[in-house]
S.K.: 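This structure is in C-alpha cells; I'll ask about it shortly.
Just so it is clear, the model here is predicted, and its values are computed rather than measured. Atoms within a ligand are numbered from 1 in the order they appear, just like the ligands themselves. Here, residue 1 is the first one in the sequence, and each next residue gets the next number.
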Amino acid sequence: MSDRLYIFDTTLRDGEQVPGCQLNTVEKIEVAKALEELGVDVIEAGFPISSPGDFKSVVEISKAVTWPTICALTRAVEKDIDVAAEALKYAKKGRIHTGIGTSYYHIHYKLNSNPDEIIERAVRAVKYAKKYVEDVEFYAEDAGRTENEYLARVVEAVIKAGATVVNIPDTTGYTMPHEFGEKIKYLIDNVRGVENAIISTHCHNDLGMATANTISGIINGARQAEVTINGIGERAGNTSLEEVVMTLKSRYKVLNIDTNINTKNIFKTSRLVSNLMNMPVQPNKAIVGRNAFAHSSGIHQDGVLKNRENYEIIDPTEVGINESSIVLTARSGRAALKHRLEVLGYELTKEKVDEVYEKFLELADKKKDIRDDDVVLLVDDTQRKERRIKLDFLQVVTGKSLIPMATVRLDIAGEKFDATSSGNGPVDAAIKAVKQILKRQVTLEEFLIQAITKGSDDVGKVHMELDYDGVKFFGFGAHTDIITASVEAFLDAVNKMPVQ
Ligand SMILES: CC(=O)SCCNC(=O)CCNC(=O)[C@H](O)C(C)(C)COP(=O)(O)OP(=O)(O)OC[C@H]1O[C@@H](n2cnc3c(N)ncnc32)[C@H](O)[C@@H]1OP(=O)(O)O
Ligand SMILES: CC(C)C(=O)C(=O)O
C-alpha cells in the first residue's frame with residue numbers, strides 16, 4: 001500500500017519574505033485559491049503578528065479558502081500566538097505553527113538562552129497554542145545544525161505537550177541529503193511518542209540541496225513537506241513544490257508515496273506566482289522553467305521527435321504544459337528543421353530541406369534563436385534562387401559624414417551586370433544602382449522595414465510596393481542586413497513584372 005505525503009505550501013509566508021515579493025490581500029487570496037485548486041493540504045498564510053496587513057491577509061484567506069488547513073506562523077511568544085489564533089478564527093481548519101531555535105548558534109547567540117530553557121519555552125508555547133486550536137505544529141528552527149540527541153529531546157517534549165506536527169527545518173540549507181535523512185530516521189527511531197505526530201521537512205536551498213534533502217527526509221519517514229511554488233523563499237529559497245511532487249510521481253515505483261496535488265495545475269500556478277510576485281522563473285528551473293521541456297540540440301531533437309521519452313522523463317502535459325518545444329538554434333539538425341517546416345505547412349523534398357538547412361545554419365550562426373517567421377523567410381529565400389533576376393553581390397559604404405555609395409552586381413538570366421551609385425542613404429544608393437542596371441521606369445510607392453523579433457541580431461523584413469506602367473507590384477525581402485533585405489524586396493517585385 002502506498003503512503004500519503006502532506007504538502008504544506010509556504011509560498012505566502014516564507015516565499016513572501018523575499019524582498020520585492022510582498023503581495024496585497026487581494027493577490028494573496030488569488031494565490032491561496034490557486035493553491036487550493038492545486039490540491040495542497042496546508043496553506044501557510046502568513047505571520048499575523050508581523051503587520052496589520054499580514055494579519056488581515058490570514059483572516060481573508062481563512063474566509064476564502066474551503067478545505068485546506070490554514071496555518072499561521074508565530075514565535076514561541078504568547079502574544080504572537082494570541083494574534084495568530086485571532087487571525088485564524090474564520091478558518092474551517094486552522095493550525096498554529098509555533099517554534100523556537102534549537103541549534104547552538106540560535107540558543108546562545110540569538111536567544112541568549114540555554115538548552116533546557118529552550119525546551120521549557122517550546123513546551124509552554126505548544127501548550128499555549130493548544131488552548132486555541134487542536135492542530136499545533138512546532139518548528140525547531142535550525143534543526144539542520146542541531147545535534148540529533150538534543151533535537152530528539154525537544155521533539156519528544158513538544159509531542160508530549162500536544163504538537164500534532166513537528167517541523168525539522170534545515171533553516172540555513174546546511175545539511176547534505178544523507179545527513180538530513182539520517183536526522184529524520186534518528187528522530188523516528190529514538191523519539192518516544194513519535195507516532196503521535198507527523199514529522200515535517202522544511203529545507204532551504206543555500207547549497208542547492210533543498211529538494212534532495214526533502215526527498216531524503218521523506219524516504220526516512222517524514223510525511224509532510226514544506227515547499228513553495230517555484231522554490232521561492234528566504235535567501236536561496238525553499239524546496240520547490242513542483243520538484244518534490246514530480247519526483248514522487250515520476251519515481252513512484254521506487255518511493256510509493258502519493259500526494260493530493262493535481263499536477264496539471266502546476267505550470268499555471270507557477271506563472272501566477274511569478275507574475276504576481278514579480279519574480280521571474282529561471283529558464284532552466286526544473287519542471288516549470290521555460291527550457292524544462294525545450295530541446296535545442298540536433299541529437300536531442302531527433303531523439304525526441306522519434307520518441308519523446310528518449311530525452312524526457314516527464315510528459316509536459318502532466319504539469320500543464322501543452323507540448324515539448326523544439327527550439328531551432330545553430331545546434332539543430334535537419335530532423336528539427338523538417339519538423340518545424342511540417343508544422344508550418346511545408347512539405348519539402350529531401351533536397352529542398354537540405355538547401356533550406358544550409359541557409360538556416362548561416363542565419364542561426366548570426367541569430368541566437370530562429371523563429372517561425374525566420375523559417376518561412378528561409379523557404380522563400382531558397383525559392384528566390386529560381387528567379388530570373390538575382391542579387392549576386394552588394395557592397396555598401398556608408399556612415400556619418402560620408403556619401404553613401406553602393407555597388408551592385410545582378411545576375412540576369414545567367415549574365416552578370418555591375419553598377420555603382422551614390423544616394424541620400426545606403427538603401428537609396430543600392431536601389432539606384434539596381435535601377436541603372438535594369439533601365440526600367442519603376443517608382444517606389446511604399447517601403448516598410450520591420451524587425452521581426454527584438455534583438456539587434458534580428459532579421460529585418462522589408463515590404464515594397466513598386467509602380468511599373470501604372471501597375472502595382474509587391475516585393476518582400478528578409479535578411480539580417482537591412483540593405484540586402486531592401487534590394488531583395490525590390491528585385492522580388494521586379495521579378496514579378498513582365499520580361500522586357
Ligand atoms: C526562519 C524564519 O523564516 S522565521 C520567520 C521569519 N519571518 C519574519 O521574521 C517576518 C516577521 N517578523 C516580524 O515582523 C518581526 O520580526 C516580529 C514582529 C516577529 C518581531 O519584531 P520585533 O519585536 O521588533 O523583534 P525583532 O524582529 O527585532 O527581533 C526578533 C526577536 O524575537 C526573538 N525571537 C526570534 N525567534 C524567536 C522564536 N522563535 N521564539 C521566541 N523568540 C524569538 C529574537 O531573539 C528577538 O528577540 P530580542 O529582541 O529579545 O533579542
Ligand atoms: C519558521 C521556520 C519553519 C522557517 O521558516 C525556517 O526554519 O526556515
S.K.: What distance do Leu73 atom CG and Gln17 atom CD have between them, rounded to the nearest 0.5 Å?
M.R.: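 It is 8.0 Å, given to the nearest 0.5 Å.
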S.K.: Would you check whether Asp14 has a nitrogen or oxygen atom less than 3.5 angstrom from a nitrogen or oxygen atom of ligand 1?
M.R.: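 For ligand 1, there is no N or O atom that lies under 3.5 Å from one belonging to Asp14.
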S.K.: Backbone, side chain, both or neither: what part of Glu234 comes under 4.0 angstrom of ligand 2, heavy atoms only?
M.R.: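 Neither; no heavy atom under 4.0 Å.
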S.K.: Identify the protein heavy atom lying closest to atom 14 (O) of ligand 1, giving its residue, its atom name and the separation to 0.1 Å.
M.R.: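 For atom 14 (O) of ligand 1, the nearest protein heavy atom comes out as Ser50 CB, 2.9 Å.
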S.K.: Would you say Leu111 has any N or O atom under 3.5 Å from an N or O of ligand 1, going by distance alone?
M.R.: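 It does not: no N or O of Leu111 is found under 3.5 Å from an N or O of ligand 1.
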S.K.: Do Tyr311 and His295 have their ring centres less than 6.0 Å from each other?
M.R.: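 When the ring centroids of Tyr311 and His295 are compared, they turn out to be at least 6.0 Å apart.
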S.K.: Considering Lys110, Lys79, His106 one by one, which has a heavy atom nearer to atom 35 (C) of ligand 1 than any of the others?
M.R.: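 That would be Lys110.
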S.K.: If we only count N/O pairs under 3.5 Å, is Leu73 in contact with ligand 1?
M.R.: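 No, there is no polar N/O contact under 3.5 Å.
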S.K.: Assess Gln17 for proximity to ligand 1: is some non-hydrogen atom of it under 4.0 Å away?
M.R.: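 Yes; Gln17 lies near enough to ligand 1 that a heavy-atom distance drops under 4.0 Å.
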S.K.: How far is atom 10 (C) of ligand 1 from its nearest protein heavy atom, and which residue and atom is that?
M.R.: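 Its nearest protein heavy-atom neighbour is Phe47 CD1, 3.9 Å.
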S.K.: Can you tell whether the side chains of Lys285 and Glu243 come within less than 4.0 Å, N to carboxylate O?
M.R.: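 Looking at Glu243 together with Lys285, the answer is yes, because their closest N to O distance falls below 4.0 Å.
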S.K.: Are Glu117 and Arg124 ion-paired here, with the side-chain N under 4.0 Å from a carboxylate O?
M.R.: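 Between Arg124 and Glu117 there is no salt bridge, as every charged N stays at least 4.0 Å from the carboxylate O atoms.
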S.K.: Nearest to atom 1 (C) of ligand 1, what protein heavy atom do you find, and at what distance?
M.R.: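 For this ligand atom, the closest protein heavy atom is Glu141 OE2, 3.1 Å.
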S.K.: With a 6.0 Å cut-off on the ring centroids, do His97 and Phe8 count as close?
M.R.: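 Ring centres of Phe8 and His97 closer than 6.0 Å.
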S.K.: Heavy-atom contacts under 4.0 Å between Thr10 and ligand 2: side chain, backbone, both, or neither?
M.R.: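 Neither; nothing of Thr10 gets under 4.0 Å from ligand 2.
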S.K.: Under 4.0 Å from a heavy atom of Glu141: which atoms of ligand 2 are those, numbered in the order shown and with their elements?
M.R.: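 Contacts of ligand 2 toward Glu141, numbered from 1: 7 (O).
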S.K.: Which bit of Arg235 is near ligand 2, meaning a heavy atom under 4.0 Å away: side chain, backbone, both or neither?
M.R.: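 For Arg235, no heavy atom sits under 4.0 Å from ligand 2.
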S.K.: Polar-atom distance check: Arg13 versus ligand 1, any N or O pair below 3.5 Å?
M.R.: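 Yes; the residue has a nitrogen or oxygen that sits under 3.5 Å from a nitrogen or oxygen of the ligand.
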S.K.: What atoms in ligand 2 come closer than 4.0 Å to a heavy atom of Asn167?
M.R.: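 Reading through ligand 2 atom by atom, the close ones are 3 (C).
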S.K.: Quick one: are the ring centres of His204 and His202 less than 6.0 Å apart?
M.R.: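 Yes.
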S.K.: Rounded at 0.5 Å granularity, tell me how far CZ in Arg340 sits from CG in Leu305.
M.R.: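 Arg340 CZ to Leu305 CG: 10.5 Å, rounded to 0.5 Å.
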S.K.: For atom 39 (N) of ligand 1, what's the nearest protein heavy-atom neighbour? Residue, atom name and distance, please.
M.R.: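 Of the protein heavy atoms, Gly99 O, 2.8 Å lies nearest.
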S.K.: Would you mind checking which non-hydrogen protein atom is closest to atom 38 (C) of ligand 1, with the distance to 0.1 Å?
M.R.: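 Protein heavy atom with the smallest distance to atom 38 (C) of ligand 1: Arg75 CB, 3.4 Å.
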S.K.: Looking only at protein heavy atoms, identify the closest one to atom 40 (N) of ligand 1 and say how far it is in Å.
M.R.: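 Of the protein heavy atoms, Ala76 N, 3.0 Å lies nearest.
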